[in-house]
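First comes the structure, then the notes that go with it.
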Amino acid sequence: GSNAFESNQISNLTIPKTVTSLGSSAFSNNPITTLSIGKCTADICSNSNFGGSITDLTIESGEIGEGVFSSNQIANLSLGDEITSIGNSAFSSNQISSLTIPKTLTSIGSSAFAGNNFEQLTIEKCTADICNSDKSFGSSIKSLTVESGEIGDSAFSSSSNSTTKLEKLTLGNGVTSIGSSAFSNNQISSLTFAENSGLTSIGNAAFSSNQISSLTIPDSVTTIGDSAFYGNQISSLTITKTLTSIGSSAFAGNNFEQLT
């Protein structure tokens, strides 16, 4: 019921999947630092239930609502492969530095992870509701791996006043398209495409204003948009015979020493 375990000294808590409901403020005013939840429901994953001192959080399944775990001290977050959605600002303003988004997740709300500082972020599958201009992950990502899916317009672009910008990007063989300005205005110096890449199109200004110095376009790519790699530091470029369209100024603003 409501306030059932309020104001105790509970620091480590596990809620199994068999529990489907908790009363309001059930565990409030406890120094909970480690929390494991079998299944998030609206009654369980409420921002009034667990206080604001969580540092280690595991969620196995369910739907995570808006703002539920915002403004905690979460440094370690593990998301199970039975989680289907994450609401707006759900994990904003924490201390998460490394995270894997499972491919079963179909929707992530706006600013869901804003206010964290990701040293490494891995997204198993980009969808229109995950990799888009809503900035679900904020603008503080140093290293990003996307294994599959479609990367939307302006999904990981950075503003001029952002203090932390993307430096390393790895794209798996399941990535099929990159939208306009998807990674523009970052500091990407390391760009890696999978050996058996399935990428077919790179949008307008997708990688403009970065620090890429060496680039090999995958054999699978057929279309490169306007200004796609404008304003980098590319000195070595390899383009494949499969390309059918290269947009205006796609590689302008670089310093080529070798072109293949």
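The chain is numbered in sequence order, starting from 1.
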- Message: Is any side-chain heavy atom of Ser148 closer than 4.5 Å to one of Lys125?
- Response: yes
- Message: When you measure from the side chain of Ser92 to the backbone of Ser111, do you find a donor-acceptor pair of N or O atoms at a distance under 3.5 Å?
- Response: no
- Message: Between Phe183 and Leu144, does the side-chain contact (heavy atoms from CB on, under 4.5 Å) criterion hold? Intermediate values first, please.
- Response: CA-CA 11 Å; Phe183 298 101; Leu144 172 66; 3.8 Å; yes
- Task: Apply side-chain contact (heavy atoms from CB on, under 4.5 Å) to Ser157 and Asn185, showing your working.
- Result: CA-CA 6 Å; Ser157 61; Asn185 297 311; 5.6 Å; no
- Query: Which of parallel (below 30°), tilted (30 to 60°) and perpendicular (above 60°) describes Phe91 and Phe113?
  - Reply: parallel
- Query: If you group Ile, Leu, Val, Met, Phe, Trp and Tyr by side-chain heavy-atom gaps below 4.5 Å, do Ile217 and Phe256 land in one group?
  - Reply: yes
- Item | CD-NZ distance between Glu124 and Lys103, expressed to the nearest 0.5 angstrom | 6.5 Å
- Message: Between Thr127 and Thr106, is there a side-chain heavy-atom distance shorter than 4.5 Å?
- Response: no
- Query: Does one side chain, of Ser213 or Gln233, offer a donor that lies under 3.5 Å from an acceptor on the other?
  - Reply: no
- Residue pair Ser21 / Asp43, side-chain donor-acceptor N/O under 3.5 Å: yes
- Query: Roughly how far, to the nearest 0.5 Å, is CG of Leu79 from CD1 of Ile64?
  - Reply: 5.5 Å
- Item | Backbone N/O of Asn204 and side chain of Ser227: donor-acceptor pair under 3.5 Å | no
- Item | side-chain contact (heavy atoms from CB on, under 4.5 Å) between Glu147 and Thr122, intermediate numbers included | CA-CA 8 Å; Glu147 295 181 358; Thr122 298; 3.8 Å; yes
- Item | side-chain contact (heavy atoms from CB on, under 4.5 Å) partner of Asn232, the single match among Leu215, Leu191, Leu237, Ile212 | Ile212
- Query: When rounded to the nearest 0.5 angstrom, what distance separates CG in Leu121 from CD1 in Ile101?
  - Reply: 6.0 Å
- Is there a donor-acceptor pair closer than 3.5 Å between any side-chain N or O of Thr41 and the backbone N or O of Thr20? yes
- Message: Hydrophobic clustering (ILVMFWY, side-chain heavy atoms < 4.5 Å, transitive) - are Ile188 and Tyr230 grouped together?
- Response: no
- Query: Atom OG1 in Thr192, atom CG in Leu169: separation rounded to 0.5 Å?
  - Reply: 8.0 Å
- Message: Looking only at side-chain N and O atoms, does Asn76 offer a donor or acceptor that is under 3.5 Å from a partner on Asp56?
- Response: yes
- Message: With rounding to the nearest 0.5 angstrom, report the CG to OG distance, Asn88 to Ser110.
- Response: 5.5 Å
- Query: Going by heavy atoms in the side chains, are Ile15 and Leu22 under 4.5 Å from each other?
  - Reply: yes
- With under 30° as parallel and over 60° as perpendicular, where do the rings of Phe207 and Phe193 fit, or are they tilted in between? perpendicular
- Message: Could you check whether any side-chain N or O of Thr84 sits under 3.5 Å from a backbone N or O of Leu105, counting only pairs where one atom can act as donor and the other as acceptor?
- Response: no
- Query: Hey, what do you get for CG (Leu35) to CD1 (Ile10), rounding to the nearest 0.5 Å?
  - Reply: 11.0 Å
- Message: Would the distance check show the side chain of Asn116 and the main-chain N or O of Gln95 forming a donor-acceptor pair, the cut-off being under 3.5 Å?
- Response: yes
- Task: For Thr104 and Asp81, indicate whether the former's side chain and the latter's backbone hold a donor-acceptor pair under 3.5 Å.
- Result: yes
- Is the closest side-chain heavy-atom distance between Ser236 and Ser214 below 4.5 Å? yes
- Query: Is there a donor-acceptor contact under 3.5 Å from the side chain of Asn72 to the main chain of Ile54?
  - Reply: yes
- Chi angles and distances behind the side-chain contact (heavy atoms from CB on, under 4.5 Å) call for Ile123, Phe137: CA-CA 11 Å; Ile123 301 174; Phe137 303 99; 3.8 Å; yes
- Message: Quick one, Ile151 and Leu171 - any side-chain contact, counting heavy atoms below 4.5 Å?
- Response: yes
- Task: Please answer whether the main-chain N or O of Thr176 pairs with a side-chain N or O of Thr200 as donor and acceptor at a distance below 3.5 Å.
- Result: yes
- pair Gln120-Thr145: side-chain heavy atoms closer than 4.5 Å: yes
- Main-chain N/O of Leu166 paired to Asn210 side chain as donor or acceptor, under 3.5 Å: no
